[in-house]
Amino acid sequence: MIYLKRPGWHLPESTATDEQVYLNRRQWLKKMGIGGIASGVMASGMLYAPSAHADASLNPWKDLYPVKNNPKYKGERELTGERYATTYNNFYEFGSHKSIANSAQKLRISPWQVRIEGLVEKPMTVDFDKLVRQMPLEERILRHRCVETWAMTVPWSGFEMKHLVKFAKPLSSARYISFETLADGETMPGISQPWHPWPYLEGVTVEEAMNELCFIATGLYGKPIPKQNGAPLRLVLPWKYGFKSIKSIVRIQFTKDRPVSFWEESAPKEYGFWANVNPEVPHRRWSQASERLLGSNERVPTRLYNGYEEYVAGLYANMSSDARLFM
Ligand SMILES: Nc1nc2c(c(=O)[nH]1)N[C@H]1C(S)=C(S)[C@@H](COP(=O)(O)O)O[C@H]1N2
Ligand SMILES: [Mo]
């Protein structure tokens, strides 16, 4: 008889048991033996400290970082400590819990190829190395809001998605872009969970992809992006719930029809295509009115479009209300 463990659906933060959830930054630093320094100083001191997991010396793209900071995107909140952002992760391919940072080190990121196909002038397979070296890299501090109600503010390095769209040369008939994550049974223990529709898949409209906030991250905290955060390239959609920001992309497809994402297929009553952050539309199992800042116990009110309304509200102005709502 095959025994299957209960599916690890998204859970609200109040049910999480990770000790970091309950320790504030100062308590955590104290536990790590580095307390006693003013927290502001500590936060910036930690910013470019070596990550606990990344073997940076082996990363083939380390020469590219740090990249020039774009001061337009300041995050407007205290930066989340690097230690939190790189050890408290969602990456279901490595398990349906937050502590996947160690097991994600098995991910083989070099060489890495991305297949670009569908409604494009010419389908192609491109080496990530070649791609990243011809893109205009910049650093942006952006807020991230997970549907589970935790949030972080981190410095991503990477490039605007619109440069990748131009590179792909889509046909005018393309209306959506779908992205797929690697699904490698040898290195990713999570994909043996048969109730999820692997590979992880997400999508945006071409118009959303051309918005200046739509970002491809290849770096984090001034270094190549750690494996647990989606190396070597992942999407960053700061006005949408975090699950839209798909990691470790191997396939990009331009389509006429709206793709059905991984979470939409897993739990259609709970997750939709648009997934724009909206404090007034609760998840079926919990409220979305507030969020906990990762690395502290502070809760703050959640904002419409995660506070990025001025950039993205126009995308949904002429649509029926579902796009502005959670689904
Ligand atoms: N391939 C893949 N991408 C993914 C996920 C995942 O499980 N698999 N989790 C998503 C969710 S729910 C969130 S909140 C963010 C978390 O990104 P982080 O671990 O870098 O904070 O990644 C998103 N991208
Ligand atoms: Mo999430």
Side-chain angles (χ1 to χ4, degrees), residues 7-13 16 18 20-21 51 53-54 79-104 107 109 142-158 178-184 187-191 193 196-204 215-221 223-252 261-267 270-271 275 277 283 286 288 291-295 302 306 326:
W9 305 125
H10 278 142
L11 291 171
E13 268 249 301
D18 197 308
Q20 288 177 41
V21 171
S51 143
H53 301 278
L79 219 54
T80 300
E82 180 176 357
R83 179 170 295 278
Y84 302 106
T86 58
T87 57
Y88 186 86
N89 302 101
N90 273 332
F91 202 162
Y92 278 66
E93 286 83 342
F94 294 99
S96 49
H97 53 85
K98 298 290 178 286
S99 305
I100 54 79
N102 276 325
S103 85
L107 183 66
I109 56 171
L142 296 167
R143 298 182 297 277
H144 171 101
R145 169 58 155 84
C146 175
V147 76
E148 298 161 338
T149 77
W150 55 270
M152 62 180 185
T153 305
V154 297
W156 300 108
S157 306
S178 78
F179 302 81
E180 287 174 27
T181 298
L182 178 74
D184 173 27
T187 53
M188 297 170 146
I191 70 168
Q193 303 181 346
H196 280 309
W198 311 103
Y200 198 99
L201 187 151
E202 261 306 339
V204 294
F215 200 65
I216 297 281
T218 60
L220 187 60
Y221 295 93
K223 290 171 291 201
I225 190 168
K227 293 177 177 178
Q228 62 271 31
N229 295 96
L233 77 164
R234 60 97 52 92
L235 204 55
V236 170
L237 297 163
W239 73 99
K240 292 180 180 283
Y241 288 113
F243 65 85
K244 297 287 296 182
S245 294
I246 184 173
K247 296 177 169 181
S248 305
I249 297 164
V250 291
R251 188 168 177 233
I252 300 174
S261 71
F262 176 87
W263 284 108
E264 198 178 355
E265 200 168 330
S266 289
E270 302 194 342
Y271 306 102
V277 175
H283 186 278
W286 61 85
Q288 293 293 18
E291 61 208 56
R292 187 188 64 86
L293 304 180
L294 198 58
T302 288
N306 199 19
F326 174 77

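Fair warning: this is a prediction, and the values are worked out from it, not measured in the lab. Counting starts at 1 for both ligands and their atoms, following the listed order.
- Nearest heavy-atom pair, Lys247 versus Thr181, reported as atom, atom and distance to 0.1 Å: O-OG1, 2.7 Å.
- Counting atoms of ligand 1 from 1 in the listed order, those under 4.0 Å from a heavy atom of Phe243 are 10 (C), 11 (C), 12 (S).
- Under the 30°/60° scheme for interplanar angles, the aromatic rings of Tyr92 and His196 are found to stand perpendicular.
- Within ligand 1, the atoms closer than 4.0 Å to a non-hydrogen atom of Cys146 are 14 (S), numbered from 1 in the order shown.
- A salt bridge links Lys98 and Glu148; the closest N-O separation between the charged side-chain nitrogens and carboxylate oxygens is under 4.0 Å.
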Checking side-chain contact (heavy atoms from CB on, under 4.5 Å) for the pair Thr153/Leu293: CA distance, chi angles, key distance, verdict?
CA-CA 8 Å; Thr153 305; Leu293 304 180; 5.7 Å; no
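- Not a single heavy atom of Glu148 sits under 4.0 Å from any atom of ligand 1.
- Proximity annotation for atom 15 (C) of ligand 1: of Glu180, Arg145, Lys98, Arg234, Arg234 comes nearest, heavy atoms only.
- Heavy atoms of Tyr241 stay at 4.0 angstrom or farther from ligand 1.
- At a 4.0 Å heavy-atom cut-off, ligand 1 does not touch Trp263 at all.
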Give the C-alpha distance, both sets of side-chain angles, the deciding distance and a yes or no for side-chain hydrogen bond (donor to acceptor under 3.5 Å, both in side chains) between Thr302 and Glu291.
CA-CA 6 Å; Thr302 288; Glu291 61 208 56; 2.4 Å; yes
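- At under 3.5 Å, a nitrogen or oxygen of Asn229, whether backbone or side chain, sits near a nitrogen or oxygen of ligand 1.
- Geometrically, ligand 1 and Tyr92 share a nitrogen or oxygen pair separated by less than 3.5 Å.
- Residue, atom and distance of the protein heavy atom nearest to atom 14 (S) of ligand 1 are His144 NE2, 3.3 Å.
- The Trp150 neighbourhood of ligand 1 comprises atoms 14 (S), 21 (O), with distances under 4.0 Å to a heavy atom of that residue.
- For atom 3 (N) of ligand 1, the closest non-hydrogen atom on the protein side is Lys247 N, 3.1 Å.
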Could you please spell out the steps behind the ring-ring contact (aromatic ring centres under 6.0 Å, His included) verdict for Trp150 and His144?
CA-CA 9 Å; Trp150 55 270; His144 171 101; 5.5 Å; yes
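- With respect to Trp263, the side chain to side chain donor-acceptor pair (under 3.5 Å) criterion is satisfied by exactly one of Tyr241, Tyr271, Tyr200: Tyr200.
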side-chain contact (heavy atoms from CB on, under 4.5 Å) for Arg234 and Ile216? Distances and angles first, verdict last.
CA-CA 6 Å; Arg234 60 97 52 92; Ile216 297 281; over 6 Å; no
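- Between Glu82 and Lys223, at least one side-chain nitrogen of the basic residue sits less than 4.0 Å from a carboxylate oxygen of the acidic one, meeting the salt-bridge criterion.
- Of the listed options Asn90, Ile225, Val236, Asn90 places a heavy atom closest to atom 9 (N) of ligand 1.
- Judged by the shortest distance from any of its heavy atoms, Met152 lies inside the 4.0 Å radius around the atoms of ligand 1.
- On a distance-only criterion, Tyr88 and ligand 1 share no N/O pair closer than 3.5 Å.
- Those atoms of ligand 1 that come under 4.0 Å of a heavy atom in Gly242, given as number and element, are 10 (C), 11 (C), 13 (C), 14 (S), 15 (C), 22 (O), 23 (C).
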Test side-chain contact (heavy atoms from CB on, under 4.5 Å) on Met188 and Trp198; report intermediate values, then the result.
CA-CA 11 Å; Met188 297 170 146; Trp198 311 103; over 6 Å; no
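- Nearest non-hydrogen protein atom to atom 8 (N) of ligand 1 is Glu93 OE1, 2.8 Å.
- Only the side chain of Tyr200 comes within contact range of ligand 1, with a heavy atom under 4.0 Å; no backbone atom does.
- Considering both main-chain and side-chain atoms, Ser245 comes within under 3.5 Å of ligand 1 through a nitrogen or oxygen pair.
- In this pair, Phe91 and Phe94 present their aromatic rings perpendicular. The plane angle is above 60°, beyond the 30 to 60° band.
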